[in-house]
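We name chains A, B, ... by the order of the sequence lines, and we start the count at 1 in each one.
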Amino acid sequence: MKYVDEFRDGKLARNLAASITAAILPDRSYSFMEFCGGHTHAISRYGIAELLPANVRMIHGPGCPVCVLPIGRVDNAIRLALEHGVILCSYGDTLRVPASDDLSLLKAKARGGDVRMVYSSADALQIARDNPQREVVFFAIGFETTTPPTALVIRQAAAEGLSNFSVLCNHVLTPSAITHILESPEVRQYGTVPLDGFIGPAHVSTVIGSRPYEHFAEEYRKPVVIAGFEPLDVMQAILMLVRQVNDGRAQVENEFTRAVTRDGNVKAQALVSEVFELRRSFEWRGLGEVPYSALKVRQAFAWFDAETRYGLDYIPVADNRACECGAILRGVKKPQDCKLFGTACTPESPMGSCMVSSEGACAAHYTYGRFKDIAVAAA
Amino acid sequence: MNGKLKKHYVRALDIRNGRVDMSHGSGGRAMAQLIEELFGRAFDNDFLRQGNDGALLPQAHGRLVMATDAHVVSPLFFPGGDIGSLSVHGTINDVAMMGARPLYLSAAFVLEEGFPLADLQRIVQSMASAAREAGVSIVTGDTKVVEQGSADGIFIATTGVGVVADGIDLSGAHARPGDAILVSGSIGDHGIAIMSRRENLAFDVPIESDTAALHGLVEAMLECGAAIRCLRDPTRGGLAATLNEIATQSGVGMLLDEAAIPVKPVVDAACEFLGLDPLYVANEGKLVAICAARDAERLLAAMRAHPLAREAAVIGTVHEDRHHFVQMKTGFGGHRNVDWLAGEQLPRIC
Amino acid sequence: MCLAIPARIEEMSGADAAVVNLGGVRKEISLALVEGVDVGDYVIVHVGYALSRLDPDEAEKTLALFAELNGVAS
């Protein structure tokens with residue numbers, strides 16, 4: 001596969017690993033946070049951490065929109081399916097998230113809710129066209145990569161007068177989450193979480209461009225390197241971050257030049273502002289309330305906003321008290337530090353946000369890396 | 001099966017336009033006609049011609065193996081096969097994985113009211129030819145009809161019986177540290193062939209299900225003299241599930257080499273598109289073999305000599321590990337776990 | 001929600017849609033979120049939509065970076 005295989009080449013990986021080892025200052029440690037769930041997954045799936053020198057540590061940030069989706073929001077989706085009898089369309093990742101009353105969307109389906117998995121917002125719109133006598137709701141989640149496709153279908157539904165279609169909007173914003181982390185006491189005041197730089201998300205950046213990150217670099221004096229999606233991209237970005245740290249620079253660099261420009265996808269951005277506006281505040285699972293971090297449907301498209309149409313209230317639901325997701329998402333603790341990890345909390349029975357999606361730090365570590373926690377006599 | 005069937009009915013079955021209805025499962029004339037004209041004609045053999053409810057089988061010379069499988073695949077017809085050929089191959093393979101020669105099959109059908117007879121005949125004929133090619137007879141069966149909406153058109157359950165020669169003792173509990181792990185060919189073909197139909201993917205080179213009867217391959221492998229510990233076919237849950245099962249059963253760990261695992265490039269690409277991992281995608285015509293390390297080359301050669309295993313490969317080794325982890329060295333160079341599948345493999349968007 | 005793949009546009013199909021090809025797998029996707037792409041271009045596809053055009057020159061430059069021997073004995 002062109003533009004995929006070349007970026008996974010093992011020989012180049014060894015070369016990059018050697019370059020990183022040569023670049024690091026031996027008496028310094030480096031901690032970088034990768035924000036994008038796709039990067040978390042790539043690091044685990046390809047075993048990148050093991051190719052890095054010991055004093056380079058990767059911290060998994062809250063870049064997985066399924067993981068940061070609060071239970072209360074999933075409860076609303078389940079309510080729509082079971083109590084309002086809508087056809088509830090959802091991406092696959094969200095179907096398994098455990099919500100209140102021991103339910104999930106998948107379990108709601110087993111109880112008779114019409115819950116359907118879709119790959120694309122366009123599929124949900126088509127279901128609305130095909131079922132004019134039923135109400136159809138698209139359970140929209142995701143960062144800036146996934147928001148334009150949702151904006152598009154709302155605009156299309158409005159243009160077509162598709163009155164049986166609406167969207168339950170849970171889109172969240174990357175820069176707000178990064179700010180929240182940088183503002184957290186452990187990072188800003190106490191310095192107990194040394195955070196030397198960020199690997200910027202790949203596909204979010206194709207939409208928003210590299211410009212929004214310039215603010216962090218300046219204000220917080222942290223370098224940001226936007227990395228492509230493949231494992232070699234991630235390693236190259238780590239090398240670039242190491243060099244910035246060594247040079248005392250705090251700039252925004254773009255490793256993913258083949259797909260990211262400074263301005264981003266202006267057409268998609270315009271579409272998003274046409275359909276959505278900022279929420280004052282939004283709860284992120286594990287992080288609490290984060291100001292100006294999420295979107296809701298604009299008044300002009302109110303008919304297509306499921307929250308308005310069905311009069312849904314948001315009722316926050318707390319996580320298990322022993323759950324350490326909040327600390328893990330901020331990089332303060334590791335999955336292994338949580339008492340519930342691997343015991344009460346596993347991918348089959350996730351208790352907190354980090355275990356829910358295969359990209360959450362805990363799920364990724366459990367699935368791909370927990371053998372490293374235990375000394376094993378490997379051949 | 002009912003007693004002697006009357007030869008003169010008012011009309012022969014209208015295969016072209018007819019549909020299954022509740023009378024076909026009621027035990028009356030309609031059911032008798034369905035059995036004779038559709039099932040009996042396709043599966044025809046001495047046992048069925050006995051016309052009894054149970055088939056009287058000759059004495060077996062050796063230990064018996066019995067296996068059963070239920071088939072609920074959707075869509076019913078897919079590139080490379082259908083639910084019929086799948087139900088025959090699947091059970092033949094389960095018997096063969098014990099080192100047995102499959103001899104007889106039974107087939108039970110649960111039909112949904114309204115199911116087209118033309119589709120039923122197509123499926124039944126597919127079963128008949130799969131069984132014939134494999135040298136196995138379908139000797140007894142059953143038919144039930146359920147109301148519309150209670151089944152996905154048709155469910156088929158097959159049970160197979162075979163005989164194991166003396167001295168053969170294969171089991172998932174027999175893998176030992178040092179053993180070699182082999183696979184008979186490319187993984188993920190069947191699951192992707194099914195998913196591509198569901199998700200409107202098209203291909204430059206079509207992907208077909210690999211559904212096949214593997215007992216001939218198994219026979220060749222047993223004959224080559226290698227010390228084989230275990231054979232298993234990686235169906236639902238894919239290669240990952242099968243290896244984790246064996247690791248747990250045998251109380252060992254495994255280390256795989258990603259670069260050695262055969263995956264067709266187009267299956268790889270389809271998995272990228274759909275957000276799936278080929279290790280977890282179902283196969284219906286492949287097997288995993290664990291054998292003594294010293295015999296790996298010999299076994300590999302015997303497999304590659306067989307038309308169903310030309311791309312066989314050694315993909316890893318067994319080692320001591322009280323946690324029974326299946327690990328893999330990635331093509332990239334690092335290591336990762338190949339864990340059990342958590343829940344259903346839902347395609348990732350993230 | 002980052003999983004996206006780079007695929008080549010094989011043919012245009014109607015307003016704002018195209019059939020893309022990745023490694024021999026073809027699927028119809030929407031071009032409604034991009035402009036100025038044509039047959040032969042590579043696009044990044046996410047949940048059925050092209051999000052941006054992939055620049056082949058930049059891709060080559062990036063690959064060359066990976067191969068640099070950065071003061072390391074080869």
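- Within the 6.0 Å centre-distance limit, the rings of A/F7 and C/F66 are counted as a close aromatic pair.
- Although no hydrogens or angles enter the test, the distance criterion places a donor-acceptor pair under 3.5 Å between the side chain of A/Y30 and the main chain of A/L25.
- Using a 4.5 Å cut-off between heavy atoms, C/V25 makes no contact with chain A at all.
- At a 4.5 Å heavy-atom cutoff, A/E144 makes no contact with chain C through either its backbone or its side chain.
- Among C/D57, C/D55, C/L33, C/N21, the residue making the largest number of heavy-atom pairs under 4.5 Å with chain A is C/L33.
- For a residue to count as touching a neighbouring chain, one of its non-hydrogen atoms must lie under 4.5 Å from one of that chain's; by this rule A/D5 does not touch chain C.
- Taking C/A59, C/G24, C/G48 one by one and counting their heavy-atom pairs under 4.5 Å with chain A, the maximum is reached by C/A59.
- In this structure, the portion of C/I44 lying under 4.5 Å from any heavy atom of chain A is its side chain and not its backbone.
- Looking only at heavy-atom pairs under 4.5 Å with chain A, the residue among C/A67, C/S30, C/A7 that has the most is C/A67.
- If you look at A/F35 and A/H60, their ring centroids are not closer than 6.0 Å.
- Among A/A42, A/A268, A/P149, the residue making the largest number of heavy-atom pairs under 4.5 Å with chain C is A/P149.
- A salt bridge links A/R129 to A/E160: one of the charged nitrogens lies within less than 4.0 Å of a carboxylate oxygen.
- Only the side chain of A/L152 comes within contact range of chain C, judged by heavy atoms closer than 4.5 Å.
- Checked against the 6.0 Å centroid threshold, A/H171 and A/F143 do not count as a close aromatic pair.
- The aromatic rings of A/H41 and A/Y368 stand perpendicular to each other, their planes meeting at an angle above 60°, with 30° marking the opposite boundary.
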